[in-house]
Amino acid sequence: EAQVTQNPRYLITVTGKKLTVTCSQNMNHEYMSWYRQDPGLGLRQIYYSMNVEVTDKGDVPEGYKVSRKEKRNFPLILESPSPNQTSLYFCASSPQGLAGTYEQYFGPGTRLTVT
Amino acid sequence: GEDVEQSLFLSVREGDSSVINCTYTDSSSTYLYWYKQEPGAGLQLLTYIFSNMDMKQDQRLTVLLNKKDKHLSLRIADTQTGDSAIYFCAESQQTGANNLFFGTGTRLTVIP
């Protein structure tokens, strides 16, 4: 089944404790992206990757890191989480260079709480 | 970044039509999308419209685009309880663009 998976789905952590949220897609998509969703703000892009070893900042990259060592994986790293990073996080992937709809496929989300 | 605005809430009775509205500021938008988010789930693409189109119909869904006013709407005919969800409008500037810009989302509640 074609899908985007994220782990963990739920995480409660404390300020300053490094964490990684994994994202994996099995559709051979070149483009991957991380969003955070906050009430009243919609989805805001954190980082994106056009291909292996190519990553760029989105709209709200502060406090986050990413890596793209393999095509299928795009982990989101919070080196020193803070309470303002409490949010719902979505990973998404999309075929690159596809003329037309540019549909993104979303993972199920990771709810992170930083205390 | 670009602004994409939606009202936050909409309630309709089962069987009525729902109309969810969206306005955007970027006149170079090429594709406009409607995504649906059901409780506890990620976003799923419902439909999209290219900027040179005025209308697109797909079963119970009708998308209207007024490019002059930068206004997009999604009409759901014969709304069902299963349509209760958050609906996001999104826009991108070009094919294969690096980002989609999302609206705040409209929570649709269907009253039985």
Side-chain angles (χ1 to χ4, degrees), chain A residues 2-7 9-10 21 23-25 29-51 54-61 66 68 87-111, chain B residues 1-9 20-26 28-53 56 58 61 63 72 85-107:
Chain A
Q3 60 183 352
V4 179
T5 56
Q6 295 178 226
N7 281 292
R9 293 290 312 278
Y10 302 91
V21 183
C23 173
S24 183
Q25 50 92 6
H29 286 169
E30 294 185 359
Y31 178 91
M32 297 185 76
S33 181
W34 276 103
Y35 294 90
R36 61 178 288 174
Q37 182 182 10
D38 301 290
L41 295 176
L43 275 77
R44 294 178 292 168
Q45 190 183 52
I46 302 170
Y47 269 94
Y48 64 92
S49 170
M50 303 284 276
N51 212 327
V54 180
T55 63
D56 277 297
K57 295 177 180 178
D59 297 320
V60 288
V66 292
R68 189 88 183 276
S87 188
L88 179 58
Y89 291 86
F90 287 101
C91 180
S93 73
S94 177
Q96 173 66 13
L98 180 70
T101 64
Y102 185 61
E103 177 176 359
Q104 290 197 63
Y105 296 81
F106 283 81
T110 295
R111 186 167 290 282
Chain B
E2 288 74 3
D3 278 334
V4 182
E5 306 233 344
Q6 302 175 239
S7 53
L8 291 180
F9 302 99
I20 304 171
N21 294 302
C22 171
T23 57
Y24 58 98
T25 57
D26 189 350
S28 63
S29 296
T30 302
Y31 288 97
L32 296 122
Y33 307 82
W34 285 104
Y35 279 82
K36 178 183 181 182
Q37 184 183 31
E38 296 186 357
L43 279 71
Q44 286 184 298
L45 180 67
L46 273 183
T47 187
Y48 67 94
I49 189 167
F50 188 54
S51 61
N52 67 355
M53 298 166 66
K56 180 178 180 181
D58 183 3
L61 304 179
V63 179
L72 182 73
I86 302 175
Y87 291 80
F88 290 92
C89 160
E91 60 95 6
S92 69
Q93 292 179 349
Q94 59 188 8
T95 302
N98 299 332
N99 195 6
L100 286 179
F101 295 95
F102 285 86
T104 53
T106 298
R107 183 180 293 276

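Below, chains carry the letters A, B, ... as their sequence lines are ordered, and counting in each starts from 1. The model shown is predicted, which means the values in this text are computed figures rather than measured ones.
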So for [X], is it side chain, backbone, both, or neither that comes closer than 4.5 Å to the heavy atoms of chain B?
{"X": "Gln37(A)", "answer": "side chain"}
{"X": "Leu41(A)", "answer": "backbone"}
{"X": "Arg9(A)", "answer": "side chain"}

Contact leader toward chain A among Gly42(B), Ala41(B), Gly40(B), where contacts are heavy-atom pairs under 4.5 Å: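 Looking at each of Gly42(B), Ala41(B), Gly40(B) in turn, Gly42(B) comes out on top.
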Region of Gln6(B) in contact with chain A, defined by heavy-atom distances below 4.5 Å: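 Answer is neither: Gln6(B) stays 4.5 Å or more from chain A.
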Are [X] and [Y] side-chain neighbours, meaning at least one heavy-atom pair lies under 4.5 Å?
{"X": "Gln104(A)", "Y": "Phe90(A)", "value": "no"}
{"X": "Tyr105(A)", "Y": "His29(A)", "value": "yes"}
{"X": "Lys56(B)", "Y": "Tyr48(B)", "value": "yes"}

Once the angle between the rings of Tyr31(B) and Phe50(B) is folded into 0 to 90°, is it parallel (under 30°), tilted (30 to 60°) or perpendicular (over 60°)?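 Rings of Tyr31(B) and Phe50(B): tilted, 30 to 60°.
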Tyr24(B) and Phe101(B) aromatic centres sub-6.0 Å: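 Ring centroids of Tyr24(B) and Phe101(B) are no less than 6.0 Å from each other.
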